[in-house]
Amino acid sequence: MDPQKITAYGDELYEAWLACRPVRPLLEREPDITIEDAYQIQERFVARRVQAGETIIGKKIGATSKPVQDFLGVYQPDFGMLLSGMVYQEGDTIDLATLIQPKAEAELAFVLKADLKGPGITAMDVIRATDYVLPCFEIVDSRITDWKIKIQDTVADNASCGVYVLGKTKGDPRKLDITLAGMVLEKNGELFSTGVGAAVQGSPANAVAWLANTLGELGIPFKAGEVILSGSQSALVPVVDGDELVCTVGGLGTCSVKFSGRSKACA
Amino acid sequence: MRMNVTLGREDIVRLCERVEGAQTRAYAIPKLTDEYPGMTIGDGYAVQLELRRRFLAAGHKQVGWKAGLTSKAKMIQMGVNVPSIGFLTDRMARPENSAIKTSDLVHPRVECEVAFVMKKTLIGPNCTRQDVLDATDYVLPAVEIIDSRFSGFKFDLESVVADNGSSARFVGGGRARYPADIDLRTLGVVMEKNGEIVALGASAAVLGHPAEAIAMLVNILAELGEELPAGSFVMSGGITEAVAVKPGDSIVARFQELGSVSMRFIE
């Protein structure tokens, strides 16, 4: 794809994010866009946020579960960048007016204590380099109208990352069975869905290893201290004003989040 | 639940013989309500009681009970909205890691469950989750092989109750645990068929907590004028959706904190 177009689409997604105003699917306008092109568009979108003052503090892995892969028609995960402006603390209320069409996903987050650079990274290396894991919510959001995304659209749109919330209970992956730890998601006090670590690429550590290797090919290492969101273990939960979500990772702990206001798509 | 019996003794025996024939000679029959549209859940349990009486008279030994249709996933899959119970006998038990014949089953499906072994007798009504935990000797992982004798797995609650809750075979295994030592609500579960993950979830999928299903079972027993004796083996209902199996299939169910249960299926 022409570099000027890549820049233009990256800028368009940045403006869409800034204004909370979604844009037409890129693939509708550029049917030949490749996944590689889409990552270059993402790079531009993220660079604009960094220019505006944010820093990259981690990565997210998306499209890790079979239902999402079936929906997108792709059979590998994707990734996006976590930026400093995306962070909420547990117990915070997320203002929906800052989002377009948010949905929540319950995940396991990894915080690294050592650098990891692929290729050649296995799940064992991931455990070795992990300081601790946390229950977390990623609030995904799409800058593409009505979530009408194909893989290229979501990759260009920073893997549909919105904001995220980390829980406070730290777990040691040498003690916690991250593969078989259950995930229980409750919405407004009622059971919404259940899952398990293995839903993500057989184990969340496999997803993190996949990303370390994928980024390694591009010369990008994971840095000690980075946060890696390993992928959704729950169904996607649409959220509206007043909703409260709690996820519990078996043997670890909980993360909770509240929402208020109206998202742009609802306003 | 109303347990009023509307059918006469002759009809109950007739329906029991129909179910017994289908169970022992492994053939599908139309759901009982096709012929008896006015049949109640009480009638269903009257047929089940007659079936139990016959099996016990023939020398089968009752080992416990099972709760069925206890998860939202199962209720949606089967189009019913109330849980059910059924009895378990020694003839249905199969050892862990065994080869299970399918030629004497109609259309077997497998599901992962948490099983309870009781050390105290429980008597309803008003049995609670805490009563169940207090009366439990230990919990263990189990796989239930259900086999509705109704054509195309199409049934209603009245028919499935008469068919003993689709009970067919069960395999207990893995690691026995005291319920106080683990969080029974958040156990992650993965079912693999021939090495591939085919179903997953966490134990809260069963009425919010598996012990809740046992309490419900005790309360249904009370309505039938029965108690849950000490020593009973009780299965709390499928955490995962039921997965069809055929000869040649190998199943491994992996449970957080409870180890695994495996079996294979032969002609």
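Quantities reported herein were computed from a predicted structural model and do not represent experimental measurements. Convention: sequence-line order gives letters A, B, ...; per-chain numbering from 1.
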Task: Under 4.5 Å from a heavy atom of chain A, the part of Ile197(B) involved - done: side chain

Quick one: donor-acceptor pairs under 3.5 angstrom, chain A versus chain B?
from      : atom 1 : to        : atom 2 : distance (Å)
Leu180(A) : O      : Gly188(B) : N      : 3.3
Gly182(A) : N      : Thr186(B) : O      : 3.3
Gly182(A) : N      : Gln256(B) : OE1    : 3.0
Thr194(A) : OG1    : Ala202(B) : N      : 2.9
Thr248(A) : OG1    : Arg185(B) : NH2    : 3.1
Gly250(A) : O      : Gln256(B) : NE2    : 3.0

Open item on the list: Atom NZ of residue position Lys117(A) - does it have more than 12 heavy atoms of other residues, nucleotides or ligands inside 6.0 Å?
Closed with: yes

- [ ] With sequence neighbours left out, write down each residue that passes side chain to side chain contact (heavy atoms under 4.5 Å, CB included) with Pro141(B), or none if nothing qualifies.
- [x] Phe255(B), Leu258(B), Val261(B)

TODO: Start with the C-alpha gap between Leu180(A) and Val190(B), add the side-chain angles, then the distance that decides, and say whether side chain to side chain contact (heavy atoms under 4.5 Å, CB included) holds.
DONE: CA-CA 7 Å; Leu180(A) 290 180; Val190(B) 175; 3.7 Å; yes

Task: Closest non-hydrogen atom pair, Ala202(B) against Gly182(A) - done: CB-CA, 3.9 Å

